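Numbers for residues simply follow the sequence, beginning at 1. Please read these numbers as outputs of a predicted model, since none were measured by experiment. Every number for a ligand or one of its atoms is a count from 1 in the order of the listing.
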Amino acid sequence: MRYFADVKKPIQFEGPDTRNPLAFRFYDASRKVGGKTMRQHLRFAVAYWHTLRGTGGDPFGGPAIERPWLTGSDPVDTAERTLDAAFEFFTLLGVPFYCFHDRDIAPEGATIAESRQNLERLVKRAARRQRETGVKLLWGTANLFSHPRYTHGAATNPDPRVFAHAAAQVRAALDATRVLGGTGYVFWGGREGYSSLWNTDMAREREQLARFLHMATAYADEIGFRGQFLIEPKPKEPSVHQYDYDAATVLGFLREFDLWDRFALNIEANHATLAGHTFEHEVATAAIAGKLGSLDINRGHPLLGWDTDQFPTDAASAVAAMFWILAQGGLRRGGLNFDAHVRRGSFDTIDLFHAHIGGMDTFARALLVADRMRRDGVLKRFVTQRYAGFRKPMGRRILGGKATLPELEDWAAKQGEPPRVSGREEYLENVLNDYLYATRLD
Ligand code: XLS
Ligand code: NI
Ligand code: NI
């Protein structure tokens with residue numbers, strides 16, 4: 001059965017001049033950029049939940065998209081068909097990875113045991129498809145937010161019985177991720193937050209969450225899962241306030257609860273903007289802490305205040321993200337996961353191709369631009385020069401922890417009023433635009 005019959009062959013690179021909507025303009029998987037291929041740099045992943053299971057629901061209406069694989073009355077059969085469609089899609093698109101929640105690939109059963117059975121059955125099938133196609137699992141996760149039992153949280157639920165259900169789910173999801181060779185495991189705190197502080201013991205809930213994460217790492221050690229644990233910050237939605245608010249909050253949480261060595265961050269563009277930051281701010285915050293693990297690439301809509309999860313098309317923001325990724329020497333075990341879905345009105349399967357092709361090209365082009373900017377060194381030189389004073393003797397004394405307030409008072413008095421130096425922001429924006437629009441990338 002072919003679910004994507006209108007795509008006759010795998011999407012090919014045709015270069016920037018092509019007018020073929022089913023071709024890449026910039027994503028040339030085997031093209032080398034600074035010693036690595038684009039495929040190795042970008043490590044694209046398809047998000048199973050949106051691309052295979054998304055049906056266009058929004059806060060004002062239920063499903064509006066029909067998929068030929070989401071049919072039939074037996075949920076396990078449907079899951080098997082969906083899996084086959086998934087691997088057909090991955091192969092046609094030419095992505096190396098995918099990501100899933102437990103409940104995306106296998107339906108919840110009537111009991112914990114039945115849920116586990118369903119998952120194991122689909123994991124076997126996924127393992128087979130992975131072998132056949134060479135597509136790999138970037139990361140797995142557990143859906144701890146859709147079922148009504150998690151209304152008041154999963155790990156942060158006031159009832160330990162709910163906590164235990166969440167524990168069972170994470171255990172099974174970790175087993176599944178290990179069997180499928182996932183390079184990571186993500187915790188996004190779907191309902192780990194609160195709606196009203198009047199009914200919430202915030203101190204206790206944060207302790208619970210930390211305990212939960214410790215249990216997960218302990219279990220991973222027990223089963224020999226060596227993947228990277230990731231936390232994905234998000235400030236709100238579905239909760240009014242989520243404990244994993246933003247990168248800085250999560251870094252503080254990891255330090256406070258002795259989780260620092262075991263976790264890195266999975267930064268999502270739309271979560272950054274919901275937190276009142278830019279994507280690059282969040283990427284940079286994680287990177288300078290040595291904790292930039294992986295990215296969920298999407299974007300919000302500037303006029304809608306929620307997690308619209310649109311496909312990434314913003315060149316400047318993609319360049320900034322790639323700039324930081326290159327600066328830290330690459331994504332390593334992480335990847336670029338399309339946590340994005342087509343709009344409710346884009347209900348044809350072909351729309352899924354347009355969406356992913358556009359996202360892949362945006363980031364492939366961003367990689368070329370960021371690499372060129374780095375090699376030319378213009379921005380680096382500017383920033384280095386700007387902080388030059390801190391490489392001189394007194395600057396070094398300050399950073400080395402030797403300088404004191406009285407000493408600096410004397411020094412400041414001797415130096416007199418420092419000259420004021422422009423930050424040249426507009427000039428730098430022009431430089432960026434030169435790279436974005438004027439520089440040849442071939
Ligand atoms: C929701 C999150 C979710 C995570 C995985 O906003 O982005 O999709 O990436 O649970
Ligand atoms: Ni999100
Ligand atoms: Ni996400």
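Ligand-side atoms of ligand 1 in range of Asp296: 9 (O), range being under 4.0 angstrom from any heavy atom.
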Test side chain to side chain contact (heavy atoms under 4.5 Å, CB included) applied to His301 and Gln310, step by step: CA-CA 8 Å; His301 195 290; Gln310 288 165 250; 3.2 Å; yes
Trace of the ring-ring contact (aromatic ring centres under 6.0 Å, His included) decision for Phe353 with Phe4: CA-CA 10 Å; Phe353 283 91; Phe4 304 98; 5.6 Å; yes
Derivation of the ring-ring contact (aromatic ring centres under 6.0 Å, His included) call for His356 and Phe311: CA-CA 7 Å; His356 286 85; Phe311 275 82; 4.8 Å; yes
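Taking distance alone, with nitrogen or oxygen atoms compared against 3.5 Å, His101 approaches ligand 1 more closely than that limit. For Thr141, no nitrogen or oxygen atom sits less than 3.5 Å from a nitrogen or oxygen atom of ligand 1, counting backbone and side chain alike. At least one N or O atom of Lys234, backbone or side chain, sits closer than 3.5 Å to an N or O atom of ligand 1. By the 3.5 Å distance cut-off applied to N or O atoms, Trp139 is not counted among the residues near ligand 1. Annotation: Asp307 places an N or O atom under 3.5 Å from an N or O atom of ligand 1; distance criterion only.
Relative orientation of the Trp139 and Trp49 rings is tilted, given thresholds of 30° and 60° on the angle between their planes. Classified by interplanar angle (parallel below 30°, tilted 30° to 60°, perpendicular above 60°), the ring pair Phe90/Phe87 is perpendicular. The aromatic rings of Tyr185 and Phe229 stand perpendicular to each other, their planes meeting at an angle above 60°, with 30° marking the opposite boundary.
Heavy atoms of His271 approach ligand 1 to within less than 4.0 angstrom. Taking 4.0 Å as the cut-off, Asp339 counts as a neighbour of ligand 1 on heavy-atom distance.
Using a 4.5 Å cut-off on side-chain heavy atoms (C-beta onward), Tyr48 and Cys99 make no contact.
If you look at Val186 next to ligand 1, there are no close heavy atoms at all, none under 4.0 Å.
Taking the six-membered ring where the residue is Trp, the centroids of Phe89 and Tyr3 are separated by 6.0 Å or more.
Rounding to 10 degrees, one finds that the Ni ion (ligand 2) sits at the corner of an angle of 90° between His271 NE2 and Asp307 OD2. Seen from the Ni ion (ligand 3), atom OE1 of Glu268 and atom OD2 of Asp296 lie 100° apart in angle, a value rounded to 10°.
Per residue Glu232, closest N, O or S atom to the Ni ion (ligand 3): atom name OE2.
Not one N, O or S atom of Asp339 sits under 2.8 Å from the Ni ion (ligand 2).
Figure legend: Lys236 and Trp306 shown without cation-pi pairing, the cationic atom not lying both under 6.0 angstrom from the six-membered ring centre and within 45 degrees of its axis.
Among protein heavy atoms, atom 2 (C) of ligand 1 sits closest to Glu232 OE2, 3.2 Å.
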